[in-house]
Amino acid sequence: MSKKIFSGVVAVCLNPALDVTGSLASLNSGTLNRVSDSDVFAAGKGINVAKVLANLGAQTTVTGFLGEENANAFERLFSDNKIIDAMIRVPGSCRNNIKLSQHDGLTTEINFPGFSVPPSALDALGHTLSRLAQEHDLFVISGSLPSGISPVRLAGWIHFLCSLGKTVYFDSSGEALSSGINAKPALIKPNQEEFSEWLGEPDGSITDFRNYSQRLMATGIENVVVSLGDEGAVWLRHGEWIKCDALDVDIVSTVGAGDSLLAGFCWGYLQGWSQQKTFRFAIALSASAVSQVGVGVSDITDITRRVSEVNLSPI
Ligand SMILES: Nc1ncnc2c1ncn2[C@@H]1O[C@H](COP(=O)(O)OP(=O)(O)OP(=O)(O)O)[C@@H](O)[C@H]1O
Ligand SMILES: O=P(O)(O)OC[C@@]1(O)O[C@H](CO)[C@@H](O)[C@@H]1O
């Protein structure tokens with residue numbers, strides 16, 4: 001019997017955040033800094049991925065947890081972007097994360113701890129994932145874990161989805177990354193620093209990434225993408241290792257660049273694109289993300305135009 005193909009995507013955000021952004025000429029520690037152009041965005045990695053995918057035209061559902069005390073900012077984002085809300089409300093507030101961009105393009109981020117997730121909400125998420133799995137193939141899980149969710153619990157959810165034959169794309173860091181890797185999602189997307197930390201090689205090189213990625217592939221992870229900031233990204237798939245250079249753009253804020261890149265991989269998967277077409281598109285999408293504050297697709301024609309400028313090479 002052929003596998004039923006579903007068109008939508010589920011983005012899982014366990015630890016959403018209100019990103020409080022500001023720009024300033026330069027940030028000086030230990031003294032007063034005055035910020036201009038301040039804004040507040042309903043964000044968090046999974047929610048950023050969902051917003052980009054919804055803007056591209058994907059039927060997008062978000063699940064995970066929302067603090068009930070400031071859920072309204074997120075609810076507005078979901079309704080403005082036609083995102084289906086399957087988030088579980090928990091007591092307390094989503095965290096505020098501070099994102100300060102200097103005029104030279106350097107961004108300083110301060111991420112706070114979020115709410116604590118009660119055990120009953122963990123069960124509720126399990127049920128929600130099970131329900132959504134009846135009508136979706138692609139799940140993207142990204143971001144850190146709030147208090148109350150252990151890395152082992154996260155791995156359990158990934159394992160559960162994979163055991164149902166679902167495609168799970170995964171982006172996290174630290175212990176959550178290690179634990180999630182053990183559950184063998186279809187794709188992981190650490191950045192250079194996160195992957196180096198996981199390898200235990202503080203200055204991991206592309207050769208190190210390649211060697212370890214080959215080993216991960218042997219365990220069943222089909223795709224390893226390592227994002228390299230202004231150097232682009234590398235992607236190992238089916239033994240083929242390719243690199244895309246980043247596009248040359250004026251940097252406004254790098255916050256959410258990795259989320260846009262991951263959304264590009266999801267979009268390529270949903271469209272059934274080749275590896276090369278998907279990679280070029282994802283890089284162009286992330287380039288557009290760094291030239292704005294916050295994530296989202298405001299000009300798809302510009303992104304499509306820039307796809308052909310992306311330099312891709314086997315390495
Ligand atoms: N300075 C830059 N110039 C051009 N493109 C960039 C720049 N920084 C990032 N990008 C693009 O964004 C992609 C993801 O960037 P990065 O590796 O910084 O992700 P990340 O650390 O996961 O980001 P975040 O956690 O903020 O979402 C890169 O692969 C690249 O295509
Ligand atoms: O603390 P986490 O979950 O690792 O990252 C959260 C975060 O830094 O990631 C997004 C950018 O990728 C921001 O919107 C958000 O504040």
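Just so we're clear, the structure is a prediction, and the values are computed from it rather than from any experiment. Start at 1 with the first residue, then count along the sequence. We count ligands from 1, going down the list as the structure has it; atoms in each ligand are counted the same way. Quick note: numbers below take in every heavy atom, side chains included, and nothing from hydrogens, waters or symmetry partners.
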The one among [options] that brings a heavy atom closest to [atom]:
atom: atom 12 (O) of ligand 1; options: Ser286, Ala233, Gly258, Ala289; result: Ser286
atom: atom 28 (C) of ligand 1; options: Gly105, Ala257, Ser173, Gly229; result: Gly229
atom: atom 26 (O) of ligand 1; options: Ser227, Ser288, Gly256; result: Gly256
atom: atom 4 (C) of ligand 1; options: Leu247, Leu285, Asp230, Leu261; result: Leu247

Handout entry: Phe281/Phe265 aromatic ring centres below 6.0 Å
Key = no
Practice task
Answer yes if the ring centres of Phe209 and Phe195 are under 6.0 angstrom apart, and no otherwise.
Solution key: yes
Problem - Per-atom contacts, ligand 2 versus Gly143 - under 4.0 Å to a heavy atom - result: 3 (O)
Handout entry: Residue Asp19 vicinity, atoms of ligand 2 by number, heavy atom under 4.0 Å
Key = 13 (C), 14 (O), 15 (C), 16 (O)
Nearest neighbour in protein (non-hydrogen) for [atom]:
atom: atom 11 (C) of ligand 2; answer: Asp259 OD2, 3.2 Å
atom: atom 2 (P) of ligand 2; answer: Ser144 OG, 3.3 Å
atom: atom 8 (O) of ligand 2; answer: Lys99 NZ, 2.8 Å
atom: atom 5 (O) of ligand 2; answer: Asn111 ND2, 3.4 Å

I'd like to check whether [X] has a polar contact with ligand 1, where a contact means an N/O of the residue lying under 3.5 Å from an N/O of the ligand.
X: Lys189; result: yes
X: Ile251; result: no
X: Asp171; result: no
X: Val290; result: no
X: Gly232; result: yes

Exercise for the section: Decide yes or no for Asp259 and Asp171: does some side-chain heavy atom of the first lie under 4.5 Å from some side-chain heavy atom of the second? Expected result: yes
Exercise for the section: For Lys45 and ligand 1, answer yes if some heavy atom of the residue is under 4.0 Å from a ligand atom, otherwise no. Expected result: yes
Handout entry: Heavy-atom gap Gly44 to ligand 2 smaller than 4.0 Å
Key = yes
Problem - Non-hydrogen atom of Gly258 closer than 4.0 Å to ligand 2 - result: no
Practice task
Compute whether any side-chain donor of one residue and acceptor of the other, for Lys189 and Ser227, lie under 3.5 angstrom apart.
Solution key: yes
Problem - Single-linkage hydrophobic cluster, 4.5 Å side-chain cutoff, Val12 and Tyr269 together - result: no
Exercise for the section: Check each heavy atom of Ile47 against ligand 2 and say whether those closer than 4.0 Å belong to the side chain, the backbone, both or neither. Expected result: neither
Handout entry: Proximity of Glu194 to ligand 2 by residue part, where a heavy atom lies under 4.0 Å
Key = neither
